[in-house]
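Below is one structure, written out as structure tokens; the observations come after it.
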Amino acid sequence: MTKTPSRTKTAAADGDDLSYEQALDELERLVAAMEGQQLPLDQLLHSYKRGAELLALCRGRLQAVEQQVKLLDGAELKAWEGPES
């Protein structure tokens with residue numbers, strides 16, 4: 001299993017300090033460890049609970065950004081047309 005930097009471990013203990021990218025990275029590492037069957041049962045359960053917390057954090061951050069975009073676009077999300085050619 002890969003080691004996490006001490007900043008991430010500290011931030012991971014308090015999910016509010018995590019950025020979306022940090023939470024997503026930790027979630028991806030948890031999923032990989034769980035899929036690889038590298039964890040004992042107790043750790044697997046703990047990882048599942050932590051993953052649920054991280055997923056809720058990511059969803060909350062995405063919803064907050066979506067609300068901000070709606071405000072900026074006049075309360076209506078527009079379809080992405082991609083870069084102009």
Side-chain angles (χ1 to χ4, degrees):
M1 201 152 61
T2 59
K3 299 232 177 195
T4 30
S6 60
R7 167 68 180 112
T8 305
K9 282 185 181 178
T10 304
D14 183 9
D16 293 337
D17 292 343
L18 287 176
S19 69
Y20 172 82
E21 291 78 11
Q22 289 171 322
L24 186 59
D25 182 56
E26 184 180 345
L27 183 58
E28 288 173 347
R29 282 185 275 116
L30 279 173
V31 169
M34 291 168 68
E35 287 178 341
Q37 301 176 353
Q38 301 171 357
L39 304 172
L41 187 58
D42 289 343
Q43 185 63 38
L44 187 63
L45 179 59
H46 175 75
S47 294
Y48 183 85
K49 289 178 182 178
R50 179 64 182 156
E53 293 169 359
L54 291 167
L55 183 59
L57 177 85
C58 289
R59 283 182 175 160
R61 299 265 166 93
L62 287 173
Q63 287 174 347
V65 168
E66 183 178 305
Q67 290 302 316
Q68 290 175 5
V69 169
K70 282 181 181 179
L71 286 174
L72 294 172
D73 275 349
E76 181 181 326
L77 283 178
K78 299 174 185 171
W80 173 254
E81 295 177 14
E84 302 267 334
S85 298

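The first residue of the sequence shown is numbered 1, and numbering continues consecutively from there.
In this structure, CG in Leu30 is found 11.5 Å from CG in Leu55, a value given to the nearest 0.5 Å. Atom CG in Leu45 sits 9.0 Å away from atom CE in Met34 (nearest 0.5 Å). Atom CZ of Arg61 sits about 9.5 Å away from atom CD of Glu21, to the nearest 0.5 Å. Considering CZ of Arg29 and CZ of Arg50, their distance stands at 10.0 Å, rounded to 0.5 Å. Considering CZ of Arg59 and CD of Gln63, their distance stands at 8.5 Å, rounded to 0.5 Å.
Hydrophobic cluster membership differs between Tyr20 and Leu18, with clusters built from Ile, Leu, Val, Met, Phe, Trp and Tyr side chains linked at under 4.5 angstrom. Cluster membership for Leu24 and Leu62, using ILVMFWY side-chain heavy atoms within less than 4.5 angstrom, is shared.
A donor-acceptor pair under 3.5 Å is formed between the side chain of Gln22 and the backbone N or O of Ser19.
With respect to the salt-bridge test (charged N to carboxylate O, under 4.0 angstrom), the residues Glu53 and Lys49 do not qualify.
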